[in-house]
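Ligands are counted one by one from 1 in listed order, and the atoms in each one are counted from 1 as well. Keep in mind the model is a prediction, meaning the values are calculated, not measured. Residues: numbered from 1 along the sequence shown.
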Amino acid sequence: MSLLDHLQAKLHALGAQSLTRRLRTADTGTAPRQTVGGRELLMFCSNDYLGLAAEPAIAEALAEGARRWGGGSGASPLVSGHSAAHEAVASTLARWYAPHIPQARALGFCTGYMANLAVVTALGDEHTEIFSEQLNHASLIDAARLAKARVTRYGHADVAGLRTLLAASTARIKLIVTDAVFSMDGDLAPLPELLALADEFDAWLVVDDAHGFGVLGEHGRGSLEHFGLGSERLILVGTLGKAAGLAGAFVAAHTIIVEYLLQAARNFIFSTASPPAIEHALLTSFALIEGPVGAQRRAHLVALQAQLREGLTALIDRHPRLGWQLTDAATPIQPLIVGGNAEVMALAAALEAAGLRVPGIRPPTVAAGTARLRITLCGTHTEADVDQLLAALEHAAAAQEKAA
Ligand SMILES: *Cc1c(COP(=O)(O)O)cnc(C)c1O
């Protein structure tokens, strides 16, 4: 059979289920107001939670870094790609996490996907059992598939279920792996309870803080700071393309764990280091995150979250027949669960017609029947922006109800 025919048939099947994904091209940079396809839209899409992607000081630092270091890093970190800028980023992060992880050391990666792949494949050897939370990010799921370890899934936030599985395990090494903030639901993992289980059953806790870093905690250090956790059992993965406004990721863990990753993580060893200019700019991003700009935007985000939730709750109450629902989101990720794939895409299209962009999220990213608008807030949105979103949703809800 022709490969082209084979793929055409698969693409056709996706289309029949309203599951075709479409690549859109932005004409301006990431910001609450962005021009896409020649139209300015009010965006509730990005993971740039602090608005740092558009921060002039970061653009300036990138330019300065490029002037100082040039373009690419030229090689993998262990060959010659690891610059003083990379080292400064790693040592800043090691200092940030020292109160949470004894003998903390940090190691940089080009993306969060790569950092997760490194941790889970390098640590997940044949002596290990991985306990993987049901709603983990795709990168953790793929990493677990590649690991030699046995993989056991536990239910979403199901501490009691995990306890039973840990008690029954005979594996020498036990690795609990979880998102800290669930990317499509916006709720927090019960990290204190998970860490208590790790203590009880001599397990280790891998925390993917992609959506907590910069956002949670007094200084924006993420979920460990938010919950006040401290343990050598913590293995933290943070991403730097979301709230940090740039690109990259890191692992922070006990120095022996990081030293082992350096020796064993194939995707770290055999991949070119990130451009040093990005690392240079990350130092500016870190200063903004832990300084007054970060504190102000985190406080503003909390206020916007409350405003949005109050408005969405009232909207759902006014239109009970639509069956829309909120999640237990406690973060700038505030999904509106709509249900069907076609319904959510119609809703997203109605919003876009009104000048707003909110992504519709469908299976397999979320469970069938729970397609949703994934509304994300940014510390540079205004209260008027959130009001505009609520008004557009009210209009669309009234129209959908009439059509139903
Ligand atoms: C975005 C994300 C990643 C991947 O990070 P990138 O830097 O975008 O590759 C990993 N885990 C979670 C939970 C994410 O949301």
Side-chain angles (χ1 to χ4, degrees), residues 21 23 30 44-50 52-53 86 89 93 106-121 124 130 132-147 153 156-157 175-191 194 205-216 222-224 226 235-253 261 265 267-268 271-275 278-279 281-282 285-286 289 327 329-335 359 361 364-366 372 374-378:
R21 298 171 189 257
L23 194 58
T30 297
F44 290 92
C45 306
S46 88
N47 304 312
D48 174 34
Y49 302 115
L50 298 180
L52 293 183
H86 290 83
V89 165
L93 291 167
L107 187 64
F109 290 83
C110 289
T111 69
Y113 204 118
M114 284 291 145
N116 279 339
L117 197 61
V119 168
V120 175
T121 60
I130 292 172
S132 177
E133 145 78 69
Q134 181 188 349
L135 294 189
N136 272 348
H137 188 258
S139 57
L140 290 171
I141 296 169
D142 293 354
R145 280 191 191 130
L146 272 176
R153 205 168 75 149
H156 181 50
L175 211 58
I176 304 166
V177 178
T178 185
D179 283 18
V181 175
F182 293 91
S183 51
M184 296 301 139
D185 291 74
D187 57 337
L188 296 177
L191 294 181
L194 297 180
L205 181 59
V206 177
V207 175
D208 176 352
D209 209 15
H211 302 279
F213 182 84
V215 173
L216 298 175
S223 61
L224 304 191
H226 172 81
I235 300 162
L236 179 73
V237 178
T239 62
L240 303 170
K242 289 172 179 163
L246 277 153
F250 66 90
V251 177
L261 293 180
N267 67 311
F268 174 82
S271 188
T272 301
S274 63
I278 290 184
E279 304 296 316
L282 279 169
S285 168
F286 292 169
I289 287 172
T327 66
T331 64
I333 304 170
Q334 293 287 333
I361 306 288
T365 309
V366 294
R372 63 197 66 187
R374 179 177 183 266
I375 304 168
T376 53
L377 295 166
C378 173

query = Closest heavy-atom contact between L282 and A244?
reply = CD2-CB, 4.4 Å

query = Shortest non-hydrogen contact from V207 to S223?
reply = CG1-OG, 3.9 Å

query = Does D208 reach ligand 1 with a nitrogen or oxygen that is under 3.5 Å from one of the ligand's nitrogen or oxygen atoms?
reply = yes

Contact (N/O only, under 3.5 Å) between H211 and ligand 1 = yes

ask   = Which ligand 1 atoms are under 4.0 Å away from a heavy-atom of T111?
value = 7 (O), 9 (O)

key: Heavy-atom pair with the smallest gap, counting every atom of L140 and N136   = CD1-CG, 3.7 Å

note = ligand 1 to D179, heavy atom cutoff 4.0 Å, flagged ligand atoms 13 (C)

query = Considering only protein heavy atoms, which is closest to atom 14 (C) of ligand 1, and at what distance to one decimal place?
reply = K242 NZ, 2.8 Å

Where F268 and G108 come nearest, the two heavy atoms and their spacing = CE1-O, 3.5 Å

query = Which part of V237 is near ligand 1, with near meaning a heavy atom under 4.0 Å away: side chain, backbone, both or neither?
reply = neither

message = Could you measure the distance from the OG1 atom of T239 to the CG atom of D208? Nearest 0.5 Å is fine.
response = 7.0 Å

query = With a 4.5 Å limit on heavy-atom distance, are the side chains of P335 and M184 in contact?
reply = no

key: Heavy-atom nearest neighbour in the protein, as seen from atom 9 (O) of ligand 1, with distance rounded to 0.1 Å   = Y113 N, 3.0 Å

request  = Give the residue and atom name of whichever protein heavy atom lies nearest to atom 7 (O) of ligand 1, and the separation in Å to one decimal.
outcome  = G112 N, 2.7 Å

task = Would you please test D185 and H156 for side-chain hydrogen bond (donor to acceptor under 3.5 Å, both in side chains) and show each step?
result = CA-CA 11 Å; D185 291 74; H156 181 50; 5.6 Å; no

request  = Could you grab the distance from atom OG of S132 to atom CD1 of I176, nearest 0.5 Å is fine?
outcome  = 11.5 Å

inquiry  = Give the atom numbers and elements of ligand 1 that come within less than 4.0 Å of a heavy atom of N116.
reply    = 10 (C), 11 (N)

remark   = Closest non-hydrogen atoms of A189 and D179, given as atom of the first, atom of the second and distance, are CB-O, 3.3 Å

Element-labelled atoms of ligand 1 that are located less than 4.0 Å from some non-hydrogen atom of S139 = 10 (C), 11 (N)

query = Of all the atoms in ligand 1, which lie at a distance below 4.0 Å from a heavy atom belonging to A210?
reply = 2 (C), 11 (N), 12 (C), 13 (C), 14 (C), 15 (O)

note = At under 4.0 Å between heavy atoms, what of A249 touches ligand 1? The answer is neither

ask   = Just distances here: any N/O of S183 and N/O of ligand 1 closer than 3.5 Å?
value = no

